[in-house]
Amino acid sequence: RSNGLSKFDGSAFINLNESNSGLLSNDITTIVIKAPNDIWIGTGTAGICRLLDTNWIYYNTTTTNLPNNSIETMAFDNSGLLWVATNLGGVSRMENDSTFVNYSVIAGKAFNMVSSIVPDNEGRIWFGTEHGVAVFYNNSWDTTYNINNSGLISNVVLAVGVDLFGNKWLGTWEGLSRFDGSHWTSYTTLNSGLPNDFIEAIKIDMVGNIWLGTNGGVAEFYE
């Protein structure tokens, strides 16, 4: 992740870095595509570099009130608002091109280390944290699920996914948990075909297949 960004045009890769583009850092941590001509690139040292058409726009501690320039993950909610997790800085919601609303553990709103941000189809936003999964709804923090008040298998939630039926899939460093809104089910190497219990990425494809990135390779989940 320290060599910049590569784009595949169907036949070859085009490599972008600090020396040949408007990227401010070669340390790329996350990419969100809002539209084919609107690409948001999170970096580990320089905040967010946005490529809009052929123009670069920057969001960092110099141009905005972001807590710091180390971006962990980003996501757009159903209203089109950008949410950003920074390293030990909680989460920030973009209000305009220069202002963020910052939520941190100090303010009692969220946890400082957020590793995953995923909106569902009901207007809730799910945040994977080191203390469980926090839920934001109707402009306030709705609840936080952890091992003490739910069937979540571990408090360290590294990845979140929402499938086509609205089920929430939570990847942790001790296995996988599914929440259907009422019931919890957990899967580990002991009771399923998971290759490893350390799950750090979850993606649901267009036909509903659930793909898991683990320390033991990539797994496609079947119930």
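All values derive from a computational prediction rather than experimental measurement.
Judged as a ring-ring contact (aromatic ring centres under 6.0 Å, His included), and not counting sequence neighbours, the contacts of Tyr59 are Trp40. Glu95 is linked by a salt bridge (Lys or Arg N to Asp or Glu O under 4.0 Å) to Arg93, counting only residues two or more places apart in sequence or in another chain.
Side-chain contact check for Thr86 versus Ser70: every heavy-atom pair is 4.5 Å or farther apart. The shortest side-chain heavy-atom distance between Asp197 and Trp173 does not fall under the 4.5 Å cut-off. Residues Val84 and Leu82 have side chains in contact (heavy-atom distance under 4.5 Å, counting atoms from C-beta outward). Between Asp142 and Ser140, the closest side-chain pair of non-hydrogen atoms is not below 4.5 Å. In this structure, Val162 and Val118 have side chains that are in contact, with non-hydrogen atoms separated by less than 4.5 Å. No side-chain heavy atom of Val133 sits under 4.5 Å from any side-chain heavy atom of Thr144. Two residues are said to be in side-chain contact when any heavy atoms from C-beta on lie closer than 4.5 Å; Arg50 and Ile41 fail this criterion. Contact check for Leu212 versus Val218: no side-chain heavy atoms found under the 4.5 Å cut-off.
Checking Ser186 against Ser177 by side-chain atom types alone, a donor-acceptor pair falls below 3.5 Å. A side-chain donor from one of Ser92 and Asn102 sits under 3.5 Å from a side-chain acceptor of the other. Under the 3.5 Å distance criterion, with hydrogens and angles disregarded, a donor-acceptor pair is assigned to the side chains of Ser19 and Asn17. Side-chain N/O atoms of Thr61 and Asn69 include a donor and acceptor closer than 3.5 Å.
The main-chain N or O of Val32 is never found under 3.5 Å from a side-chain atom of Lys34 such that the two would form a donor-acceptor pair. Using modelled atom types, no side-chain atom of Ser154 and backbone atom of Glu174 make a donor-acceptor pair closer than 3.5 Å.
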Next on the checklist: If you apply the rule side-chain contact (heavy atoms from CB on, under 4.5 Å), what do you find for Thr129 with Val157, and how did you get there?
Outcome noted: CA-CA 5 Å; Thr129 83; Val157 179; over 6 Å; no

Item to check | Criterion side-chain contact (heavy atoms from CB on, under 4.5 Å) on Leu88 and Asn68, from CA distance to verdict | outcome: CA-CA 9 Å; Leu88 296 178; Asn68 64 67; 5.5 Å; no

Next on the checklist: side-chain contact (heavy atoms from CB on, under 4.5 Å), that's the test. Do Asp120 and Lys168 meet it? Break it down for me.
Outcome noted: CA-CA 9 Å; Asp120 66 18; Lys168 283 69 182 181; 3.6 Å; yes

Item to check | Derivation and outcome, side-chain contact (heavy atoms from CB on, under 4.5 Å), residues Met74 and Ile48 | outcome: CA-CA 10 Å; Met74 301 185 296; Ile48 303 167; 3.7 Å; yes

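In summary, the aromatic rings of Trp83 and Phe100 are positioned with their centroids too far apart to meet the 6.0 Å limit.
In this structure, Tyr187 and Trp169 have parallel ring planes: the angle between them is below the 30° cut-off, well short of the 60° mark. Classified by interplanar angle (parallel below 30°, tilted 30° to 60°, perpendicular above 60°), the ring pair Phe13/Phe8 is tilted.
Here the CZ-CG distance, from Phe136 to Asp77, works out to 9.0 Å after rounding to the nearest 0.5 Å. Interatomic distance, Leu23 CG to Glu18 CD, rounded to the nearest 0.5 Å: 7.5 Å. For the atom pair OG1 of Thr214 and CG of Leu176, the computed distance is 11.0 Å after rounding to the nearest 0.5 Å. The CG atom of Leu16 sits 7.0 Å away from atom NZ of Lys7, with the distance rounded to the nearest 0.5 Å.
Test Tyr145, Phe111, Trp141, Tyr103 against Phe127 for ring-ring contact (aromatic ring centres under 6.0 Å, His included) and you get one pass: Trp141.
The two atoms that bring Ser104 and Asn112 nearest to each other are CB-OD1, 3.5 Å, heavy atoms only.
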